[in-house]
Amino acid sequence: MMNIAKFGIFKRVFIILILVVMNGCNSTKTSNEKVVTNEELYRPNFHFTPKSGWMNDPNGMFFYKGLYHLCFQHYPNDNVWGPMHWGHATSKDMITWKEEKIALYPDEMGYIFSGGSVVDVNNTSGFGSLKNPPIVAMFTYHDAVKAKTGAIDFQSQAIAYSLDEGMTWTKYKNNPVIKNPNIKDFRDPKITWDAIHNQWIMVLAADVETIIYRSSNLIDWELASGFGKNLGAHGAPWECPDFFPIKVEGSTEMKWVLLQSINPGGPNGGSATQYFVGDFDGKTFTLDNSFAQDLNKFEALWVDYGKDNYAGVTWSNIPDSDGRKLFIGWMSNWQYAEKVPTEKWRSAMTIPRELKLINTEGHYRIVSLPVKELEKYISKTIKKDLLTIDNTTVIVDKSTLDMSSLDIRFTMNGLKDDNYDFILSNKENNAIHFGINKKDKYFYIDRKKVSQTTFSDVFANKISKAPITTDFNSIEVRVIIDKTSIEVFYDNGKTVMTEIYFSDKPMDSFSIVKSNSDFELKNVMINQLKSK
Ligand code: FRU
């Protein structure tokens, strides 16, 4: 979380004028010689971005009557973090979004920090009726005035409800519903209906642990337990938890997953989201035995090992007939989010993903892949069955496809202890590398060679890595490219890396470098995603 920028009105007008002039200067030419500004060059085609202003965490996500709702931490008046609102967008498919009116504004009790929403189908809160169930949002009030006094009890939990399917919201008259028990970092409530124990449960990040609360009516909350004080990644406040039951793929076994973001402390620096798998008895969450055997050796597992997927949580109220756990994260990192070279708006969300839980040889792991709805946006497909790779082989370039939005899939066979390097590049020497270093046992993304990196010392100072923990000689990889982001789903989504980049000229070629040993690149499928 960042400090608050304060601008006087004149300063703000002056800055806007400068930005308009700068934007004009920062224009560039695409292949068809059309002049585009940085705003257009950097705005993704199919990842959600706010029309203008600042955005961070996804908030209050629910599905109702055919629409996915996505609220988000938003400061509409500037392109850096400030007094937080909940912005709001809706979509029929999680890919094409319509930005709606702001859902929640800050008020005299504080800024509106992160939280979640649920559809109160049985009207347990009494805010609506069975015929018109209320949507109930829970969020943290951050009292910025109190925070400045040196007090530590400046964050509390509050609720609001909507009786018109999420379009307008009324704050509850007796807020806060959970007062601060003298914990400085006490925030980000996420509610789930626990059908197994017939109760609402809410998880909250409280300093270095997750606290679980339960309720029958979404208003009165009882503290149930705490989790994680000595588990997983620590060293910075935990933020934005999510907690839900999920079926283990291919079985009837049910487990509970806790997503728990931490900033800083991610595997490649800055913000990231770890997860825990275990059992929940209605009060207490216990780490699964397969992890618990030697807790000293327990290493954090990460939803995404790239630098740009933070504070991600799941949608509530997905119908049983669908049954998916649908996730979206904020595609940035607090290390540099306020400095990235977009001016009018800042930050995008990740591609929405379906989370699954698998058990591979006694280890529970989350796998994630882009939602199937993305496939509707494929406008052209190029398939190559088997590629012979000599030196640097171009797999596809701009003579065949518009390289800005792609969904690339391939299988690699016969892998040895070698390095397998893929490159997305252009003639102006901008290049994103990603691949598999099987010799030193890591997957990677390397954005060092992209033109815009100097806005932050830690944006591209290192290659980002994810550990390879199993042996394999064959692997499937899927890559989603959208102008300023790369999301790599290694091994069918068992290891994911998401990173943003800012190239001042569009990429125009996707290639692979020959490795020392021979291998097969098979079933290459490159899908053009149509720009909207
Ligand atoms: C995470 C976070 C949350 C907080 C919000 C404020 O990115 O710091 O803990 O609620 O951002 O914008």
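We count residues from 1, following the sequence as given. Ligands are counted one by one from 1 in listed order, and the atoms in each one are counted from 1 as well.
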- line: Only one of Phe244, Phe63, Tyr68 passes ring-ring contact (aromatic ring centres under 6.0 Å, His included) with Trp315, and that residue is Tyr68
query: Does ligand 1 have any atom that is closer than 4.0 Å to a heavy atom of Tyr310?
result: yes
field: No-hydrogen, no-angle side-chain donor-acceptor test under 3.5 Å, Asp93 and Tyr377
entry: yes
- line: Note: ligand 1 atoms sitting under 4.0 Å from heavy atoms of Met84 are 12 (O)
field: Which segment of Tyr111 sits under 4.0 Å of ligand 1 when only heavy atoms are counted
entry: neither
task: Kindly assign one of parallel, tilted or perpendicular to the pair Phe72 and Phe48, based on the angle between their ring planes and the thresholds 30° and 60°.
output: tilted
query: Applying a 4.0 Å heavy-atom criterion (strictly less than), which segment of Ser114 is in contact with ligand 1: side chain, backbone, both, or neither?
result: both
message: Within the 4.0 Å heavy-atom shell around Asp188, which atoms of ligand 1 are there?
response: 3 (C), 4 (C), 9 (O), 10 (O)
- prompt: Has Trp330 got any heavy atom lying under 4.0 angstrom from an atom of ligand 1?
  reply: no
Test item: side-chain donor near acceptor, Asn59 and Ser114, under 3.5 Å: yes
message: Looking only at side-chain N and O atoms, does Glu100 offer a donor or acceptor that is under 3.5 Å from a partner on Thr90?
response: yes
Structural part of Asn56 in contact with ligand 1, heavy atom criterion under 4.0 angstrom: side chain
query: Less than 3.5 Å between some nitrogen or oxygen of Gln73 and one of ligand 1, yes or no?
result: yes
field: Cationic N near anionic O, under 4.0 Å, Asp153 to Lys146
entry: yes
task: State plainly whether the residues Asp491 and Arg365 are in salt-bridge range, i.e. N to O under 4.0 Å.
output: no
query: Are any of the heavy atoms in Asp57 under 4.0 Å away from ligand 1?
result: yes
